[in-house]
Amino acid sequence: MRTDYCGELRGEDSGRTVSLCGWVSRRREHGEHLAFIDLRDHTGIVQVVVDHAHDIRSEYVLRVTGKVRMRPEGTRNPNLPTGDVEVCDCEVETLSRAEPPPFPLDERLETDENIRLKYRYVDLRRERMQRNLRVRAKVNSAIRRSMEQQGFVEIETPMLIANTPEGARDFVVPSRLKPGSFYALPQSPQLFKQLCMVGGVDRYYQIARCLRDEDLRADRQFEFTQLDAEASFVSQVDVREFITNAVASATEAVTGQRPAEFPSITWHDAMERYGTDKPDIRFGLELIELTGLFAHTEFKVFQADCVKGIRVPGGADHTRKQLDALTEKVKLWGAKGLVWLKVEEDLSLNSPITKFLSDAETENLLGAMDAEAGDLLLIVADRRATARHVLGLLRLELGRPPVAEGGLHFLWVVDFPLFEDLDEEGLPVPAHHPFTMPKEEDLALLDSEGKGLLEIRAQAYDLVLNGWELGSGSVRVHRPDIQQKVFDAWGIARPDAEQRFGFLLDAFGYGAPPHAGFAFGIDRLVAILVGEENIREVIAFPKTQTGGDPLTEAPMEIAPDHLTDLGLRLLPHKS
RNA sequence: GGUCCCGUGGUGCAGUUUGGAGUGCACGCCGCCCUGUCAAGGCGGAGGUCGCGGGUUCAAAUCCCGUCGGGACCGCCA
């Protein structure tokens with residue numbers, strides 16, 4: 001049907017007779033018998049010279065057969081890769097007529113996303129979406145190649161699985177053959193990949209669709225895609241190397257440049273210096289520890305579990321209004337308040353709280369924060385977890401560059417704790433799933449209670465890129481005695497564990513190899529590689545923030561008969 | 001569960017603060033003119049439930065309440 005792609009014709013093709021297929025991108029009409037058509041396919045556009053007598057409109061699908069020739073001197077278009085040539089003496093076949101598009105396909109204009117999604121099939125024709133989808137395919141392909149080279153075997157795992165009450169909310173599918181029973185859709189293939197290890201697969205991987213029924217965000221969809229991997233008889237260092245190789249290969253396939261070795265930071269340092277377990281290290285504004293400095297202060301606000309601050313270079317030009325707005329935000333995020341201090345030209349401090357600080361405290365504060373004239377100092381005093389969290393958010397608010405700027409800064413975060421914190425009832429809040437292996441030297445701490453549990457470090461690690469959590473992994477528990485202790489620490493009673501994970505524990509009774517694994521989000525990796533703020537831009541058919549699809553109008557009600565088949569009856573709607 | 005922003009011809013915006021006739025800009029669309037344009041150009045034209053509902057008012061795109069849709073974030077995402 002066609003001999004060439006539109007965007008690939010060059011001067012060398014001059015003289016050839018070609019057949020092209022594509023959409024009418026733009027037309028320029030000059031009188032009765034001359035019109036220029038920009039014909040577009042996924043490779044780009046080329047100018048076609050036709051008789052204006054043809055009825056040709058925007059987005060008509062054409063097959064054009066004609067002769068490639070150099071454009072007349074002075075009419076070449078240097079802005080177009082195909083700008084030296086045009087196709088003339090054309091026979092034009094209209095393969096499809098088209099309504100005028102519901103929005104301009106022009107890249108210069110932003111269009112309301114709801115409309116783009118409703119007409120996604122039109123939106124996908126745009127250069128941006130074509131590029132994003134093709135980059136994504138390249139990433140998948142590079143990942144597969146890398147994993148295969150490293151001895152991993154691609155295995156598919158089931159989509160209809162047992163519901164596990166832990167973690168995120170499961171999507172659920174009613175069973176027709178067993179009314180009243182439900183399958184869950186997988187949040188990840190976690191348990192199955194561990195079963196593969198028991199099954200002697202040695203090295204498993206899968207580009208896996210995962211589903212979690214949690215509120216959507218710019219970097220979160222109900223459905224997302226992960227590289228999921230697991231390997232036997234390996235250390236966490238080995239796993240990080242496998243994953244680094246795969247991610248570096250994917251990055252290289254897109255950017256042409258293989259990233260340097262990924263640095264690593266401990267979870268503890270990340271929390272203290274960046275206030276988050278996924279630091280964006282493209283910029284400074286690190287958190288500065290001040291607790292010791294105010295250990296004996298008279299100032300009540302600073303008599304807190306933790307006092308930390310950030311220095312905003314040149315930030316003293318913030319207005320009172322802006323500072324009040326920041327204070328409001330900080331309160332919404334959970335802090336009691338925000339202390340701000342402006343550093344004046346003479347290095348004195350301009351702040352509502354200066355009168356509560358001793359001269360020595362002021363001097364020490366300036367020194368600890370490396371303060372210079374014109375800086376803004378922001379300080380939060382609170383519970384340590386709160387102070388870190390709030391300052392971490394504040395840091396992003398004040399300094400985070402746009403996604404496409406600042407380069408690619410991969411970072412391994414290692415030595416995650418087994419438990420991140422204690423909740424209001426004093427129960428430990430797990431940092432990972434309950435099959436995460438503690439560090440050998442911390443195993444004894446499994447017998448402790450309360451705060452002691454927080455000291456346990458896990459053999460768990462996250463991969464972070466520019467402040468986005470790409471993924472996480474861990475060495476898994478493969479010994480039943482340690483597993484039992486971990487369940488005890490979690491507060492999972494033995495019968496519960498039996499009911500929820502019995503099949504895995506049984507499997508481990510039949511010869512489980514030591515194993516470790518990882519999973520990372522391909523949507524997020526691709527979004528950052530193409531410079532998109534939102535993963536919807538790298539997903540062909542995404543959902544809106546309320547989980548709907550404007551194109552197909554999912555989710556929708558189903559027929560009463562269908563419900564009856566499934567043994568279901570609906571409750572009345574909440575009014 | 002919560003905070004904030006947006007909703008005006010097909011598209012993107014201005015108009016909303018300070019109520020006074022659906023007012024304006026750009027693109028697109030339709031028709032005519034036009035043989036070297038490329039974001040073509042010129043002339044003319046069509047196209048509106050100002051998201052929806054209620055309230056205040058002599059009068060509401062504009063003020064108030066509610067609601068729907070979209071977006072960003074907090075919570076949530078072991």
Side-chain angles (χ1 to χ4, degrees), chain A residues 25-39 45-52 57-59 71-80 82-83 86 88 99-119 122 164-170 187-188 190 210-222 224 278 325 328-335 389-390 393 396-397 416 418-420 423 427-436 458 460 469 472 474 486 490-492 500-501 521 533-534 536 543-548 550 553 575:
Chain A
S25 185
R26 219 170 215 109
R27 66 214 144 93
R28 295 171 290 280
E29 296 163 348
H30 290 256
E32 210 175 341
H33 291 294
L34 177 67
F36 300 103
I37 303 293
D38 287 338
L39 195 66
I45 62 176
V46 68
Q47 174 164 289
V48 176
V49 187
V50 300
D51 191 314
H52 187 188
R57 311 271 161 154
S58 284
E59 300 306 312
R71 292 196 191 182
E73 208 56 53
T75 67
R76 297 188 183 164
N77 185 346
N79 302 318
L80 222 53
T82 61
E86 62 190 6
C88 61
E99 298 293 322
F103 53 87
L105 273 70
D106 205 297
E107 295 294 334
R108 288 185 312 269
L109 293 172
E110 276 298 317
T111 299
D112 181 81
E113 209 185 337
N114 206 28
I115 297 169
R116 289 176 56 206
L117 292 182
K118 184 169 176 186
Y119 300 95
V122 174
T164 52
E166 292 304 316
R169 219 171 281 116
D170 278 337
Q187 295 180 27
S188 80
Q190 182 62 35
C210 306
L211 297 106
R212 293 179 191 172
D213 188 3
E214 296 292 346
D215 289 358
L216 296 87
R217 286 280 201 289
D219 63 349
R220 267 162 40 191
Q221 287 265 307
F222 285 156
F224 57 100
K278 45 178 180 175
E328 278 312 303
K329 271 192 179 153
V330 156
K331 285 180 178 168
L332 281 173
W333 291 334
H389 173 64
V390 166
L393 291 174
L396 294 177
E397 177 85 15
F416 267 67
L418 203 57
F419 302 106
E420 273 191 29
D423 67 16
L427 297 170
V429 179
H432 279 275
H433 57 68
F435 314 108
T436 303
E469 183 195 322
S472 62
S474 63
V486 172
W490 269 58
I492 301 176
R500 269 140 67 171
F501 314 116
E533 305 272 358
N534 195 302
R536 288 190 297 270
K543 303 280 187 287
T544 66
Q545 196 166 61
T546 46
E553 296 187 314
S575 58

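Pair assignment for B:G41 gives B:C33, based on Watson-Crick or G-U wobble hydrogen-bonding distances that are each under 3.5 Å. Under the Watson-Crick or G-U wobble criterion, with both distances below 3.5 Å, B:G66 is paired with B:C52. The partner of B:U57 is absent, by the rule that a Watson-Crick or G-U pair needs both atom distances under 3.5 Å. When Watson-Crick and G-U wobble pairs are counted only if both distances are under 3.5 Å, B:C76 pairs with no nucleotide at all. With a cut-off of 3.5 Å on both pairing distances, B:G22 has no Watson-Crick or G-U wobble partner at all. Across the strands present, B:C4 finds its partner in B:G71; the criterion is a Watson-Crick or G-U wobble pair with both atom distances under 3.5 angstrom.
With distances taken from any side-chain atom of A:E86 to the nucleotides B:G70, B:U37, B:A72, the minimum falls on B:U37. Among the nucleotides B:G36, B:A72, B:G69, the one closest to any side-chain atom of A:R536 is B:A72. Side-chain atoms of A:L393 lie closest to B:C74 of the nucleotides B:U35, B:C34, B:C74. Comparing atom distances between the A:D215 side chain and each of B:G36, B:G1, B:A78 picks out B:G1 as nearest. Of all nucleotides listed (B:G75, B:A78, B:C30), B:G75 comes nearest to the side chain of A:H389. Nearest to the side chain of A:R28, among B:C77, B:C38, B:G36, sits B:C38. Of the candidates B:G71, B:U11, B:A40, B:U11 carries the atom nearest the A:T111 side chain, counting heavy atoms from C-beta on.
Counting any heavy atom pair closer than 4.0 Å across all strands shown, A:E113 reaches sugar-phosphate atoms only and no base atom. The residue A:E29 sits close to a base: some heavy atom pair falls under 4.0 Å. A:P72 comes within contact range of at least one nucleobase, with a heavy-atom separation under 4.0 Å. Looking at heavy-atom distances under 4.0 Å, A:A431 makes contact with sugar-phosphate atoms alone, never a base. When heavy atoms are screened at a 4.0 angstrom cut-off, A:D112 is found touching the sugar-phosphate backbone but no base atom. Using a 4.0 Å heavy-atom cutoff across all strands shown, A:N534 reaches sugar-phosphate atoms only and no base atom. Across all strands, A:N114 comes closer than 4.0 Å only to sugar-phosphate atoms, never to a base (heavy-atom distances).
Counting non-hydrogen atoms of neighbouring residues, nucleotides and ligands closer than 6.0 angstrom, the CD atom of A:E553 reaches no more than 12 such neighbours. Atom CD of A:E32 has 12 or fewer neighbouring heavy atoms from other residues, nucleotides or ligands inside a 6.0 Å radius.
Nucleotides B:C29 and B:A39, compared at atom P, are 15 Å apart to the nearest Å. To the nearest whole angstrom, the two C1' atoms, one in B:A60 and one in B:G15, are 14 Å apart. Remark: the separation of the C1' atoms in B:U67 and B:C6 is 16 Å, to the nearest Å. For the P atom pair drawn from B:A61 and B:U8, the interatomic distance equals 15 Å after rounding to whole Å. When the C1' atom is compared between B:G70 and B:G51, the two are found 11 Å apart, to the nearest whole Å. For the C1' atom pair drawn from B:A21 and B:C50, the interatomic distance equals 15 Å after rounding to whole Å. Across B:U17 and B:C63, the matching P atoms stand 5 Å from one another, rounded to whole Å. Rounded to whole Å, the separation between the C1' atoms of B:G22 and B:C64 comes to 23 Å.
Comparing A:A218 and A:T544 along RNA chain B, the residue whose closest nucleotide (by nearest heavy atom) sits nearer the 5' end is A:T544. Where A:H52 and A:P434 each meet RNA chain B at their nearest nucleotide, the meeting point lying more 5' is that of A:H52.
Considering only side-chain N and O atoms, A:T75 lies nowhere under 4.0 angstrom from the phosphate OP1 or OP2 of B:C38. Here A:T546 reaches the OP1 or OP2 of B:G70: one of its side-chain N or O atoms lies under 4.0 Å away. Phosphate proximity of B:C30 to A:R57: present, with a side-chain N or O under 4.0 Å from OP1 or OP2. When the side-chain nitrogen and oxygen atoms of A:Q47 are compared with OP1 and OP2 of B:U37, none of them lie within a distance under 4.0 Å. Side-chain nitrogen and oxygen atoms of A:R217 include none within less than 4.0 Å of the OP1 or OP2 phosphate oxygen of B:G71.
When the P atom of B:C25 is taken as reference, atom CG of A:L109 falls 18 Å away, rounded to whole Å. The CZ atom of A:R27 sits 14 Å away from the C1' atom of B:U37 (whole-angstrom rounding). Following rounding to the nearest Å, A:L216 (CG) and B:C77 (P) show an atom-to-atom distance of 15 Å. Separating the CZ atom of A:R26 from the P atom of B:A39 is a distance of 8 Å, rounded to the nearest angstrom. Rounding to whole angstrom units, NZ of residue A:K329 and P of B:G75 are separated by 14 Å. Atom CG of A:N79 and atom P of B:U37 are 14 Å apart (whole Å). The CD1 atom of A:I115 sits 13 Å away from the P atom of B:G51 (whole-angstrom rounding). For the pair A:F103 CZ and B:U11 P, the computed distance is 10 Å after rounding to whole Å.
Contact check for A:L105 versus A:S25: no side-chain heavy atoms found under the 4.5 Å cut-off. Looking only at side-chain heavy atoms (C-beta outward), A:S188 and A:R212 come within less than 4.5 Å of each other. Contact annotation: the side chain of A:H30 approaches that of A:F36 to within less than 4.5 Å [non-hydrogen atoms, C-beta and beyond]. A:F501 places a side-chain heavy atom less than 4.5 Å from the side chain of A:P434.
Salt-bridge check for A:D112 with A:K118: failed, with every basic side-chain N at 4.0 Å or more from each acidic carboxylate O. With salt bridges taken as basic N to acidic carboxylate O contacts below 4.0 Å, one links A:D38 and A:R28. Using a 4.0 Å cut-off between a side-chain N of Lys or Arg and a carboxylate O of Asp or Glu, A:K329 and A:E397 qualify as a salt bridge.
Below the 3.5 angstrom threshold, one finds a donor paired with an acceptor across the side chain of A:R220 and the base of B:C77. No hydrogens or angles were tested; on distance alone, nothing pairs the side chain of A:E32 with the base of B:U35 as donor and acceptor under 3.5 Å.
No aromatic stack links A:H30 and the base of B:G36, using centre distance under 5.5 Å and interplanar angle under 30°.
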